[in-house]
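See structure below.
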Amino acid sequence: MTRTVKNLTLKVWRQNGPDDKGHFETHVIDSITDEASFLEMLDVLNERLIDENKEAIVFDHDCREGICGTCSLMINGQAHGPQRATTTCQLHLRSFNDNDTIVIEPWRASAFPIIKDLMVDRAAFDRIVESGGFITSPTGGAPDANLIPVPKPVADAAMDAAACIGCGACVAACPNSAANLFVGAKITHLNLLPQGQAERYKRAEAMVDEMDEHFGSCTNHGECSAACPKEISLDVIALMNKDYRSAKFKNRKQLSRK
Amino acid sequence: MSTATPSRQPVTGTAAAPRTRRPLLLDLYGTAVGKKYAMAISGIALMGFVLFHMIGNTKMYLGAVELNEYAEFLKKLLYPLAPKESVLWILRAGLLGMLALHLHAAWSLTVLNRHARSVRYQSARDYQEASLASRSMRLSGIVVLLFIVWHLLDLTFGVVNTVGADGEFVRSEVYANVVRSFERWPVALFYVVANLLLGLHLTHGAWSIFQSLGWNNPRFNAWRTAFARGFAAVVVIGNISFPIAVTIGIVSV
Amino acid sequence: MTMLQDRPTDTKLISKVPDGALADKWDNFKANAKLVNPSNKRKFKVIVVGTGLAGASAAASLAELGYRVDAFTFHDSPRRAHSIAAQGGINAAKNYQGDGDSVSRLFSDTIKGGDFRSREGNVYRLAQVSVNIIDQMVAQGVPFAREYGGLLDNRSFGGAQVSRTFYARGQTGQQLLLGAYQQLSRQIGLGGVRLFNRCELVDIVVIDGRAAGIVTRDLLTGELTSHAAHAVVLATGGYGNAYYLSTNAMNCNVTAAWRAHQRGAYFANPCYTQIHPTCIPQADETQSKLTLMSESLRNDGRVWVPKNFDETRAAHEIPEQDRDYFLERLYPAYGNLAPRDISSRAAKRLVDKGLGVGPLKNGVYLDFADAIGRLGRNVVEERYGNLFEMYERIAGENPYDQPMRIYPATHYTMGGLWVDYELQTTIPGLYAAGEANFSDHGTNRLGASALMQGLADGYFVLPYTISNGLAPLLNKTVPGTDHPEFKRVETAAKARFQGYLDIKGTRSPDFFHRELGKLIWNYCGMERDRNGLEKALTEIPALYSEFKTDLRVTGTGEGVNQTLEKAGRVDDFFQLGTLMCKDALTREESAGGHFRVEYQTEEGEAVRDDENFCHVAAWEWTGDENNATRHEEQLSFESVQLATRSYK
């Protein structure tokens with residue numbers, strides 16, 4: 001088997017801190033194998049920068065197997081780069097041509113402020129989950145797991161939505177920086193399951209209200225779903241919208257009963 | 001220890017207190033999702049209008065008498081139960097209200113979305129799914145709005161119409177007004193272009209309605225795009241047929 | 001009771017397993033444990049470090065009870081912890097399939113799987129509470145796989161004859177972690193938990209023999225801060241990254257556990273590491289981590305290497321007579337399904353001989369051609385489609401057309417901080433949970449048991465045992481962060497980080513990590529022997545002293561500096577690596593994941609020495625990583641008979 005070697009030019013966003021203006025920095029990567037992943041290419045570059053006594057490029061990454069959702073990067077104008085259903089850490093240099101110029105930018109959204117270089121703060125996602133992205137079930141009080149049967153299609157649909165890794169690609173890709181796919185996925189996951197019914201409408205209202213504090217609005221472009229490494233469907237947004245509307249009526253009704 | 005960066009605080013107690021309740025509709029309108037409901041509902045109303053407007057105007061092909069009678073009929077909707085033009089004015093008011101709502105929601109969502117990404121991407125985006133239609137909603141919307149203004153000035157108020165044979169713009173002579181207007185080729189061209197943009201606006205808008213209102217069902221999901229395209233095609237083909245018919249002489253005084 | 005050894009257990013290593021029959025021990029403990037009155041709970045502060053399965057579940061549960069909890073993660077969000085990467089599933093003795101499962105069977109499978117080197121009482125409790133975990137997680141909204149009737153589905157896993165594994169597609173770890181994360185998030189929202197994200201533990205403060213708190217470094221500002229508490233829980237994961245290449249996440253590290261060790265906590269069985277046979281082999285020098293492919297692939301794939309050393313043909317061009325289906329040849333009864341350690345070692349021997357495949361000759365084939373011929377491509381696609389896609393994404397080869405290449409890789413560490421029945425380390429007030437403790441898995445963990453243990457510790461053990469530990473402290477003052485010891489530790493930590501910056505050598509932390517990893521992998525990996533280990537014990541310190549003089553960390557100690565973070569972690573891996581080799585050297589037997597070449601049968605099976613090594617080796621820090629003191633906790637078995645594993 002022959003091994004392909006490539007030369008690449010990188011234009012990497014460098015920004016020394018949240019308030020720095022930032023700029024693109026150009027680096028040439030000589031003869032790197034196709035087998036290297038995108039982040040391994042950045043590792044190589046960082047080793048070289050350290051050799052040259054320069055600061056390494058800061059970027060978020062962890063599991064490098066496409067599940068933790070830590071890695072990000074806007075690569076040539078696409079969130080997580082050109083390969084569909086693939087996080088940056090699983091993107092390999094096979095997806096690029098020899099002598100390509102690759103532009104690397106951080107996620108950009110007001111809700112995801114840049115911390116340094118390519119690292120951004122995605123805490124807004126956590127705030128949304130804290131507002132209602134859970135099923136209240138204190139440790140110890142759970143009934144037997146098989147007490148409530150869940151139809152297989154329902155469990156499967158919940159799982160499809162629950163596959164979200166919280167990477168933020170949906171927000172990054174959205175022309176409006178909307179987080180509807182992320183929030184819709186969590187609402188769909190929990191609201192489809194029988195266990196989630198008690199808090200269904202409270203959850204929808206709380207999470208959407210919290211989302212509004214940070215993100216833009218959905219205009220149904222579909223970029224989020226195209227960028228999503230887990231290919232979460234736009235259907236979750238429709239369900240969120242529906243439950244949010246119902247919530248506005250049902251929660252008021254419940255409040256007025258008090 | 002850094003003195004430049006202030007120490008960060010731990011995260012706790014972040015669950016927001018429930019918002020104070022305003023009247024239901026205002027409450028709903030207060031969030032982006034609610035505003036999309038407003039966009040969708042007003043969009044449906046406006047779609048209804050453009051559809052019936054187009055159907056009514058095809059009377060043009062039946063001749064001046066039919067078209068002018070149709071215009072008269074609109075004024076006499078529910079007459080004699082209701083006074084003349086009263087129903088028409090209610091419809092007009094509703095329509096204007098819907099248009100205003102559509103515009104306000106669009107405006108405030110645009111402002112929100114601009115704020116949501118205060119620093120833009122510094123390199124070119126490579127869009128995957130966003131279509132020409134979805135990305136040009138604002139542009140097509142603005143052109144259609146300008147067109148509506150022109151259209152009213154032209155055929156309703158006659159301000160920019162060519163004056164009739166007797167030197168006066170007679171509003172009830174709908175057929176003649178239309179023909180006179182479209183005999184000017186730049187007007188016909190503007191009309192065609194604006195309607196093509198309306199079609200573009202509708203192909204995305206009519207599909208979007210389903211998403212925004214949460215009408216999502218595997219049974220009809222596949223039909224949503226077809227519906228939007230079909231609807232846009234019917235409206236656009238109907239509408240642009242009028243100036244073309246005038247230009248090539250099928251419809252003339 | 002079988003007492004095989006007459007050696008004494010060290011006085012500090014009293015396991016505190018409660019009296020009574022095995023099945024009653026946990027109930028007896030709970031019946032006698034001291035409680036804290038609900039209104040008094042808020043007087044106690046508990047620090048939980050790590051927000052994976054064990055940490056998130058512990059923090060959420062303790063906060064629900066009313067304790068004030070401070071949770072720490074070095075990630076941006078608790079949801080990133082590496083528990084998320086577990087694929088296969090979680091075991092529980094629910095017996096929903098009615099196939100003869102029970103708590104005692106899960107218990108005995110786990111003991112046997114661990115090659116009789118784990119503590120009976122703990123393992124039995126694990127099996128008992130496994131049942132509650134499933135209930136809890138389903139209530140939490142975890143979308144486990146279901147049958148058409150709506151009831152939970154199970155699959156079978158290695159080392160068991162029953163189907164007791166609950167799963168959520170190939171993302172069980174992710175779904176369980178999200179369940180625990182959501183529960184934790186609720187508590188953060190309500191104010192029960194204070195979350196410190198992007199905050200790394202850099203030291204543990206022990207005052208008057210008791211854990212008094214921790215010192216952390218804010219990864220965004222470089223600021224060092226002290227935190228005092230009544231109890232500290234370390235749920236900081238395993239140390240598989242000592243090997244550099246492993247299936248662990250890039251940021252997994254041993255720092256928290258190692259600092260605890262340096263402050264007086266004994267480190268148990270560091271040489272017990274698990275190697276998983278089906279990972280994608282290293283592709284090139286830039287490789288930063290390895291990816292595991294589900295073991296289920298071996299159900300239909302055939303493992304082989306070419307017979308010729310100078311084979312250059314593509315896999316499908318190699319005729320049958322030139323292929324060596326070595327697992328089928330060596331282990332006819334189990335064939336391609338031979339256990340993890342045995343398959344791994346067989347592959348390693350052939351690759352070492354030079355029979356490996358792939359561009360770097362560092363893998364063996366896992367071939368589905370037969371399965372595709374027998375079952376049809378559709379069936380294979382249905383069973384393994386997503387795994388094939390994942391393989392193609394990483395390796396760039398289509399497994400339908402050419403065989404997969406696989407090779408073993410480190411993916412779990414059974415060793416860790418020594419803990420008693422209450423999960424308390426040898427430092428009072430300091431607890432360890434999940435992979436961070438030396439756990440319930442002996443020398444070898446069974447598939448789908450890691451998730452079970454993490455959640456058992458966090459949800460159903462710590463909340464009880466911590467109350468028992470805290471109750472006596474009611475209304476007693478504990479040292480605050482104004483205590484001079486906190487300041488001293490803070491200053492020392494600051495000096496340590498400044499020290500890395502001041503070396504100004506020529507090599508990056510990654511360089512040293514890679515080199516260290518190679519040493520540990522070669523000498524303390526799948527097979528160990530005296531010569532190699534002794535060699536490692538001279539080579540590692542040599543490399544370590546080079547690290548101390550030739551390290552280069554660019555940037556400053558203020559603001560984000562990932563190079564500096566890495567330097568601190570690699571420093572600790574050096575010291576741990578030394579201890580791993582020492583532990584492997586002194587354990588003169590083969591058992592599970594610890595395979596000493598000198599102790600094997602003619603067929604290459606592990607030979608245990610129950611006479612001399614039926615104990616936990618717990619190491620005490622003496623101030624010098626080369627001179628740790630070995631202590632023993634003797635293991636005794638009441639309900640299972642010590643037997644030899646055989647898979648022939």
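Remember, predicted model here, so these are calculated numbers, not experimental data. In what follows, every chain begins at residue 1, and chains take the letters A, B, ... in the order their sequences are listed.
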Atom pair OH (A:Tyr244) and CG (B:Leu28), whose distance is rounded to the nearest 0.5 Å: 6.0 Å
Using heavy-atom distances under 4.5 Å, tell me whether A:Cys224 contacts chain B through its side chain, its backbone, both, or neither. neither
Over 12 foreign heavy atoms within 6.0 Å of CZ, B:Phe220: yes
Expected output: side-chain A:Arg108 to main-chain B:Arg117 donor-acceptor under 3.5 Å: no
Is A:Ala172 in contact with chain B via its backbone, its side chain, both, or neither, using a 4.5 Å heavy-atom distance? both
Over 12 foreign heavy atoms within 6.0 Å of CG, B:Leu25: no
Heavy-atom side-chain contact between B:Gln211 and A:Ile237 under 4.5 Å: yes
Portion of A:Arg127 that has a non-hydrogen atom of chain B nearer than 4.5 angstrom: side chain
Checking B:Val33 against A:Arg245 for the side chain to side chain contact (heavy atoms under 4.5 Å, CB included) test, could you report, in this order, the C-alpha distance in whole Å, the side-chain angles of both residues, the deciding distance, and whether it holds? CA-CA 9 Å; B:Val33 172; A:Arg245 180 226 313 151; over 6 Å; no
So which part of A:Leu234 gets closer than 4.5 Å to some heavy atom of chain B, the side chain, the backbone, both or neither? both
Taking the side chain as every heavy atom from C-beta outward, state whether A:Arg252 and B:Asp27 have any pair of such atoms under 4.5 Å apart. yes
Could you check which of B:Leu24, B:Asn217, B:Asn221 has the highest count of heavy-atom pairs closer than 4.5 Å to chain A? B:Leu24
A:Ala173, part contacting chain B, at a heavy-atom distance under 4.5 Å: both
Closest approach of B:Ala116 to A:Asn176 (non-hydrogen atoms, all atoms of both residues): CB-O, 3.6 Å
If you tally heavy-atom pairs under 4.5 Å against chain B, which of A:Glu205, A:Met240, A:Lys11 wins? A:Glu205
If you define the side chain from C-beta out and look only at heavy atoms, does anything of A:Asp209 sit under 4.5 Å from B:Thr31? yes
Around atom CH2 of B:Trp150, are there more than 12 heavy atoms of other residues, nucleotides or ligands at under 6.0 Å? yes
Would you say the side chain of B:Leu112 lies within less than 4.5 Å of the side chain of A:Phe215, judging by non-hydrogen atoms? no
Atom pair OG/NE2 of A:Ser110 and B:His115 - distance to nearest 0.5 Å: 9.0 Å
Below 4.5 Å, heavy-atom pairs only: which of B:Trp207, B:Tyr37, B:Phe210 has the largest tally toward chain A? B:Tyr37
B:Asn216 side chain reached by A:Lys242 side chain, heavy atoms, under 4.5 Å: no
Taking B:Ser208, B:Gly30, B:Ala15 one by one, which has the highest count of heavy-atom pairs under 4.5 Å against chain A? B:Ser208
Using non-hydrogen atoms only, which part of A:Glu105 is less than 4.5 Å away from chain B: side chain, backbone, both, or neither? side chain
Flag the one option from A:Asp243, A:Thr219, A:Asn251 with the top tally of heavy-atom pairs under 4.5 Å to chain B. A:Thr219
Report which part of A:Pro82 has an atom under 4.5 Å of a heavy atom belonging to chain B: side chain, backbone, both, or neither. neither
Measuring heavy-atom distances to chain B, does A:Phe112 have an atom under 4.5 Å in its side chain, in its backbone, in both, or in neither? neither
So which of A:Gly216, A:Ala238, A:Gly132 has the largest heavy-atom pair count under 4.5 angstrom toward chain B? A:Ala238
Under a 4.5 Å heavy-atom cutoff, which of A:Met74, A:His221, A:Arg84 has the most pairs with chain B? A:His221
Name the option with the most non-hydrogen atom pairs under 4.5 Å to chain B; the candidates are A:Glu130, A:Glu223, A:Lys248. A:Glu223
Got a second to check how far B:Tyr121's OH is from A:Trp13's CH2, nearest 0.5 Å? 12.0 Å
Under 4.5 Å heavy-atom distance to chain B, tell me which part of A:Glu210 shows up: side chain, backbone, both or neither. side chain
Check: B:Asn113 side chain, A:Ser217 main-chain N or O, donor-acceptor pair, under 3.5 Å: yes
Segment of B:Ser212 engaging chain A (4.5 angstrom heavy-atom cut-off): both
With a 4.5 Å heavy-atom cut-off (strictly below), which parts of residues 122-138 of chain B touch chain A? List them by number. B:Gln122, B:Ser123, B:Ala124, B:Arg125, B:Asp126, B:Tyr127, B:Gln128, B:Glu129, B:Ala130, B:Ser134, B:Arg135, B:Arg138
By a 4.5 Å heavy-atom criterion (distance strictly below it), what part of A:Asp235 contacts chain B: side chain, backbone, both, or neither? both
